Amino acid sequence: MLESYGTAIRTHRSAFLCVLLCLILVSFFGILTISASMFPHGYDWRYRVISNLLSPRDNPQHYRIAAIGLAVTGLLMIPFAVHLNRSFRVTSIWAARIASGALLLGIVALIADCFVVPQHVHATLGIRRFHEFLARSSAGLIALSMLVSCWCAWKARNRPLFWIWASMTVLPLAGVICSEALLLLSRFVPKLSHPIRHAFRHSVFWHLGFWEWTGAVAVFVFLCAATFLLHGAAVRNV
């Protein structure tokens, strides 16, 4: 009786998360696509960062649409932090808290970033590039949550979940790190600046916009796997 009740609860919880995934698909990819379609002079996701859609300077007529879509996406992601903590606390209490806590803080930074205008002239709270600071903080915290979740999935011997999460986490992170390393190398070693820029100037891998959108897709797949594979593993273990 108790087992049937527990299975029913997990089924209802999974259905609720599925609904949230659909709403995230609409609020993030749907609304940002609409905003991008109205972007002045065209918007190419491979070369333009998401912040351009939130900027009153770059997108003066429709930047609020993108900001609302991103903020709503953040709110819809909050239950997934609870889901991670609930799913992995048997595996490791501390790892579950880190994974869920990092995801929650990353979501808070993401929502706050929607209300900070992208600009570099005036400092906000003493930080010159406060919008970029929040964006990078959000990305870093969410990446930390994903990495810890990968470890939890491995320790729980959920191999399908681990490999999906690892591919969605490690590959984008490796691309961003390599891209940033080459950019820093071109700045601090003048002799290598021209060859590096010449080699990667026309490559999408050189542009942050490509990695931002790739990371957004990776996070969405991460949440999908957390919804379906974590629930399936819990049901099988009942």
Side-chain angles (χ1 to χ4, degrees), residues 6-7 9-25 28-29 45-46 50 73-74 76-107 110 136-182 203-205 208-238:
T7 302
I9 291 178
R10 294 186 183 92
T11 302
H12 292 154
R13 187 180 300 147
S14 180
F16 172 67
L17 294 177
C18 287
V19 172
L20 291 182
L21 286 174
C22 294
L23 293 176
I24 289 173
L25 191 64
F28 184 82
F29 295 100
W45 68 272
R46 297 170 299 175
I50 296 175
T73 299
L76 293 172
M77 289 173 61
I78 292 176
F80 289 93
V82 179
H83 180 57
L84 288 179
N85 183 55
R86 182 184 292 115
S87 300
F88 286 131
R89 60 189 176 191
V90 176
T91 304
S92 173
I93 295 178
W94 287 107
R97 289 177 178 175
I98 292 174
S100 60
L103 180 59
L104 183 59
L105 290 176
I107 292 170
L110 176 66
R136 291 177 183 271
S137 298
S138 176
L141 288 166
I142 293 175
L144 174 62
S145 174
M146 294 170 70
L147 286 172
V148 175
S149 296
C150 287
W151 180 85
C152 290
W154 179 266
K155 188 175 181 181
R157 298 182 180 179
N158 191 335
R159 295 297 183 261
L161 182 63
F162 168 78
W163 288 115
I164 292 175
W165 278 356
S167 61
M168 289 298 102
T169 304
V170 176
L171 293 179
L173 279 178
V176 171
I177 291 173
C178 291
S179 179
E180 290 291 327
L182 288 173
S203 173
V204 294
F205 301 108
L208 181 60
F210 172 81
W211 292 112
E212 279 191 353
W213 285 102
T214 300
V217 173
V219 172
F220 183 74
V221 175
F222 172 86
L223 297 179
C224 289
T227 299
F228 298 110
L229 295 182
L230 271 179
H231 171 73
V235 170
R236 287 193 299 271
N237 290 332
V238 172

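Just so it is clear, the model here is predicted, and its values are computed rather than measured. Only this structure's heavy atoms are used, side chains among them; waters, hydrogens and symmetry mates stay out.
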- Output for pair (Leu17 CG, Cys22 SG), nearest 0.5 Å, gives 11.0 Å
Atom pairs and distances, donor-acceptor, side-chain atoms in residues 161-177, under 3.5 Å, two or more places apart:
unit_1	atom_1	unit_2	atom_2	d
Trp165	NE1	Phe222	O	3.1
Ser167	OG	Trp163	O	3.1
Ser167	OG	Ile164	O	2.8
Thr169	OG1	Trp165	O	2.8

Give every donor-acceptor pair under 3.5 Å between a side-chain atom in residues 84-98 and any protein atom, sequence neighbours left out.
unit_1	atom_1	unit_2	atom_2	d
Ser87	OG	His83	O	2.7
Ser92	OG	Ala95	N	3.3

- Task: Could you tell me the separation between the CG atom of Leu105 and the OG atom of Ser100, rounded to the nearest 0.5 Å?
- Result: 9.5 Å
- Message: Please verify the inter-ring angle class for Phe210 with Trp45; under 30° counts as parallel, over 60° as perpendicular, anything in between as tilted.
- Response: parallel
- Message: Once rounded to the nearest 0.5 Å, what's the spacing between atom CG of Leu25 and atom CG of Leu20?
- Response: 12.5 Å
- How close do Ile24 and Met77 get, heavy atom to heavy atom, and via which atoms? CD1-CG, 3.8 Å
Mind listing the side-chain donor-acceptor pairs of residues 141-154 below 3.5 Å, one per line with the distance, residues two or more places apart or on another chain?
unit_1	atom_1	unit_2	atom_2	d
Ser145	OG	Ala99	O	2.6
Ser149	OG	Ser145	O	2.8

- Query: So which heavy atom on Leu21 is nearest to which on Phe220, and how close?
  - Reply: O-CE1, 3.5 Å
- Query: To the nearest 0.5 Å, how far apart are CZ in Phe28 and CG in Leu76?
  - Reply: 12.5 Å
- Crowding at CZ, Arg157 (>12 non-hydrogen neighbours, <6.0 Å): no
- Shortest non-hydrogen contact from Leu110 to Ser138? CB-OG, 3.5 Å
